[in-house]
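Just so you know, residue 1 is the first one in the sequence shown, and it goes up from there. Not measured: the values here are computed from a predicted model.
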Amino acid sequence: MSDKQLLRHPEKAHKPDNPSPRKPAWIRVKAPTSEEAAEVRRLMRDKNLHTVCEEAACPNIGECWKHKHATFMILGDTCTRACAFCNVKTGKPGGVDMTEPENLADSVKAMGLKHVVITSVDRDDLADGGAFQFVACIERIRVTSPDCTIEVLTPDFRDKGDAVEKVATAKPDVFNHNLETVPRLYPGIRPGARYFQSLRLLQRVRELDPSIFTKSGIMVGLGETREEVLQVMDDMRSAGVDFMTIGQYLQPTRKHVAVDRFVTPEEFDDYRAMAMAKGFLMVAATPLTRSSHHADRDFEALRAERLRRQTKD
């Protein structure tokens with residue numbers, strides 16, 4: 001099914017009924033019921049902002065919001081693609097909120113964030129895929145919270161000219177773009193994307209500004225093999241990726257692609273050891289690892305590891 005067909009009939013992108021299997025004992029999460037979480041929710045509503053924490057039904061939302069960490073999702077809450085794993089709604093997006101960068105920057109300041117993660121829905125309807133809004137958010141945060149480090153988690157900006165160059169030139173501290181899964185599974189899992197184009201995006205950021213940390217992640221439990229995961233690691237390293245994340249796919253609803261299996265904590269430990277041996281600066285690999293989970297703490301560790309290796313060399 002083509003991207004245009006998926007936009008007209010997003011419900012056809014997924015099987016209509018995939019019962020979710022019972023989660024194993026090692027996957028336990030808390031609901032966002034703390035006072036701190038309620039404060040974050042109020043702030044998002046007051047500023048008309050969205051978070052991927054809510055829209056994508058992230059399992060770590062309770063923990064992160066308790067510590068007043070949130071991943072802001074810009075450019076609205078409606079995606080122009082229909083990935084089989086994602087809980088963000090699909091359809092025709094509305095107009096771009098031009099007050100969003102200021103509202104986001106105000107929220108970052110109000111929350112006292114030292115590190116912020118900004119992601120977005122896919123906006124294939126926009127000339128540059130929404131790159132201009134990433135730039136505006138970065139620039140505004142630099143003004144209002146100059147000591148805050150900035151991580152972007154972007155879409156692939158497929159066929160959108162110099163979109164990647166625009167965002168990289170704004171100099172985020174971390175440029176993240178997730179490969180999501182192994183290339184064999186792209187047609188069913190990520191039909192609107194191209195594996196090697198995503199790899200090229202990460203490589204291009206490294207070429208444009210080697211000082212920007214590059215980051216990418218995949219989900220496991222979708223039917224991939226160990227050999228395929230190891231090949232993705234090699235591909236990421238060839239593209240110069242510094243930081244790899246690996247987490248368990250958890251099925252958001254019955255309409256989404258089914259979990260193939262639950263990968264054990266021991267297998268995650270093995271993946272982490274293999275990835276570190278391949279030369280990544282940092283690897284996060286646990287069942288509940290997500291792209292922006294512990295992003296502030298991980299950024300400090302990432303920066304320290306780069307310095308350690310540079311000093312050693």
Yes or no on side chain to side chain contact (heavy atoms under 4.5 Å, CB included) for Phe72 and Val116, after CA distance, side-chain angles and deciding distance? CA-CA 8 Å; Phe72 296 92; Val116 60; 3.6 Å; yes

Pair [X]-[Y], side-chain donor/acceptor within less than 3.5 Å:
X	Y	answer
Gln203	Arg200	yes
Glu267	Thr264	yes
Asp173	Thr149	no
Thr144	Asp106	no

Kindly indicate whether the side chain of [X], heavy atoms from C-beta on, has any atom under 4.5 Å from the side chain of [Y].
X	Y	value
Val229	Val232	no
Asn176	Thr154	no
Ile74	Cys137	yes
Lys171	Thr169	no

Taking NZ, NE, NH1 and NH2 as the nitrogens, is one of them in [X] or [Y] under 4.0 Å from a carboxylate oxygen of the other?
X	Y	answer
Glu139	Arg142	no
Asp242	Arg306	yes
Asp125	Lys92	no
Asp124	Arg158	no
Lys114	Asp147	no

Under the salt bridge (charged side-chain N to carboxylate O under 4.0 Å, His left out) criterion, do Arg204 and Glu165 qualify, and how do the steps go? CA-CA 8 Å; Arg204 181 62 179 148; Glu165 286 78 4; 2.9 Å; yes

Do we get Arg190 above Phe85's six-membered ring, with its NZ or CZ under 6.0 Å from the centre and within 45° of the axis? no

Only pairs at least two apart or in different chains count here, so list each ring-ring contact (aromatic ring centres under 6.0 Å, His included) that has a residue in residues 178-217. Tyr186-Tyr195, Phe213-Phe299

Exam field: side chain Gln248 to backbone Val263, donor-acceptor pair closer than 3.5 Å: yes

Please name all residues satisfying side chain to side chain donor-acceptor pair (under 3.5 Å) with Thr225, sequence neighbours left out, ordered by chain then number. Glu228

